[in-house]
Amino acid sequence: MGALLGEDDRNPLIDGPGIYIRTYMTRLSSRLGTRLRALLAMLDGDVEALYARLGTPFRPRFYPVVSHLLAAGSATVGELAGAAGVSQPAITQTLSEMEKLGLIDVSVADDRRVRSVALSQAGAATAGELAPMWLAIDDAADELDRELPYALSAILDAASDALRKERFLDRIDRHTRGD
């Protein structure tokens with residue numbers, strides 16, 4: 001935990017007259033989520049700008065779906081969620097947007113419980129057009145990795161592995177119990 005602020009450090013705008021709210025200083029490491037979101041916004045923002053410059057409505061979050069469908073031909077919603085590393089509601093939202101843009105075809109099984117997804121002709125054509133850009137994006141990511149003291153891709157893989165071994169919530173719980 002951060003250091004407790006003393007009475008001289010109270011903020012009259014927050015604390016109000018006669019009300020003393022104790023606050024804790026936030027350590028830089030506890031802002032990890034904010035820093036990761038800011039980094040992702042920089043990366044995805046520039047990829048989105050590239051797509052806009054090319055005049056395509058394609059979005060970075062579509063890429064894992066298209067990549068998987070190019071390799072597999074078709075997949076269920078659950079398979080796509082697993083391949084993309086996101087929840088089923090998140091992939092369903094992405095698929096809905098992709099379907100509206102005509103990038104995928106969705107078929108429903110007779111029992112209506114399983115939906116199968118495949119690239120539409122327009123989706124396959126879009127993938128063909130964007131393939132050179134995806135190679136350039138990979139090259140730019142590799143270049144960024146070489147510039148950093150530690151490769152970002154390796155750090156992300158290691159962090160994901162560590163969190164699969166012990167969830168972040170479990171780590172937080174351990175620290176709040178003083179383990």
Side-chain angles (χ1 to χ4, degrees), residues 1-54 56-68 77-98 100-101 103 130 133-179:
M1 293 253 176
L4 193 58
L5 295 176
E7 288 191 13
D8 294 339
D9 296 319
R10 288 181 299 222
N11 182 338
L13 296 175
I14 296 172
D15 299 340
I19 300 172
Y20 301 107
I21 299 172
R22 297 283 188 163
T23 58
Y24 290 91
M25 294 181 69
T26 304
R27 295 185 304 185
L28 183 61
S29 63
S30 67
R31 292 182 282 190
L32 181 62
T34 301
R35 294 165 62 205
L36 286 171
R37 282 186 290 281
L39 178 62
L40 183 59
M42 285 189 280
L43 296 170
D44 272 0
D46 283 347
V47 173
E48 289 218 25
L50 170 68
Y51 293 147
R53 192 167 65 199
L54 296 171
T56 180
F58 200 87
R59 300 191 52 209
R61 70 186 205 174
F62 298 169
Y63 179 78
V65 173
V66 171
S67 176
H68 187 80
V77 173
E79 290 167 342
L80 289 170
V86 298
S87 68
Q88 232 169 311
I91 203 72
T92 298
Q93 183 180 26
T94 297
L95 294 174
S96 175
E97 191 174 344
M98 292 178 74
K100 285 178 189 168
L101 293 170
L103 298 172
L130 292 178
M133 293 303 109
W134 294 335
L135 291 173
I137 291 166
D138 283 348
D139 289 344
D142 290 343
E143 179 182 300
L144 178 61
D145 271 353
R146 288 190 303 274
E147 276 182 42
L148 300 173
Y150 306 100
L152 181 59
S153 58
I155 291 169
L156 293 173
D157 289 343
S160 294
D161 290 346
L163 291 171
R164 276 190 283 279
K165 290 177 188 166
E166 183 181 14
R167 293 177 48 203
F168 198 54
L169 179 59
D170 295 335
R171 294 166 188 266
I172 294 167
D173 288 344
R174 199 168 19 85
H175 286 276
T176 58
R177 289 188 312 265
D179 294 355

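This one's a predicted model, so the numbers in the text were calculated from it and none came from an experiment.
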**Prompt:** Does a side-chain heavy-atom distance below 4.5 Å link E143 with R146?
**Reply:** yes

To the closest 0.5 Å, what do you measure between [atom1] ([X]) and [atom2] ([Y])?
X    : Y    : atom1 : atom2 : answer
D173 : E166 : CG    : CD    : 9.5 Å
L39  : D44  : CG    : CG    : 9.5 Å
I155 : L148 : CD1   : CG    : 7.0 Å
R37  : T34  : CZ    : OG1   : 4.5 Å
Q88  : E79  : CD    : CD    : 10.5 Å
S153 : L144 : OG    : CG    : 9.0 Å

**Prompt:** Checking side chain to side chain contact (heavy atoms under 4.5 Å, CB included) for the pair I137/L50: CA distance, chi angles, key distance, verdict?
**Reply:** CA-CA 10 Å; I137 291 166; L50 170 68; 4.1 Å; yes

**Asked** Would R171 and L163 count as a side chain to side chain contact (heavy atoms under 4.5 Å, CB included) if you check the C-alpha gap in whole Å, the side-chain angles of each, and the deciding distance to 0.1 Å?
**Response** CA-CA 9 Å; R171 294 166 188 266; L163 291 171; 3.9 Å; yes

**Message:** Quick check: closest heavy atoms across L152 and D145, and the distance to 0.1 Å?
**Reply:**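 Taking every non-hydrogen atom into account, N-OD1, 2.8 Å.
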
**Asked** Which atom pair, heavy atoms only, marks the closest approach of P64 to P60?
**Response**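 Taking every non-hydrogen atom into account, CD-O, 3.7 Å.
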
**Request:** May I have the step-by-step check of side chain to side chain contact (heavy atoms under 4.5 Å, CB included) for V66 and M98, ending in yes or no?
**Result:** CA-CA 10 Å; V66 171; M98 292 178 74; 3.7 Å; yes

**Request:** Hey, can you tell me if F58 and W134 have their rings parallel, tilted or perpendicular (30° and 60° cut-offs)?
**Result:**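 Tilted: the ring planes of F58 and W134 meet at 30° to 60°.
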
**Request:** For S96 and T92, indicate whether the former's side chain and the latter's backbone hold a donor-acceptor pair under 3.5 Å.
**Result:**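 Between the backbone of T92 and the side chain of S96 there is no qualifying donor-acceptor contact (under 3.5 Å).
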
**Request:** For the pair L101 and F62, evaluate side chain to side chain contact (heavy atoms under 4.5 Å, CB included) and give the outcome as yes or no after the intermediate values.
**Result:** CA-CA 11 Å; L101 293 170; F62 298 169; 3.6 Å; yes

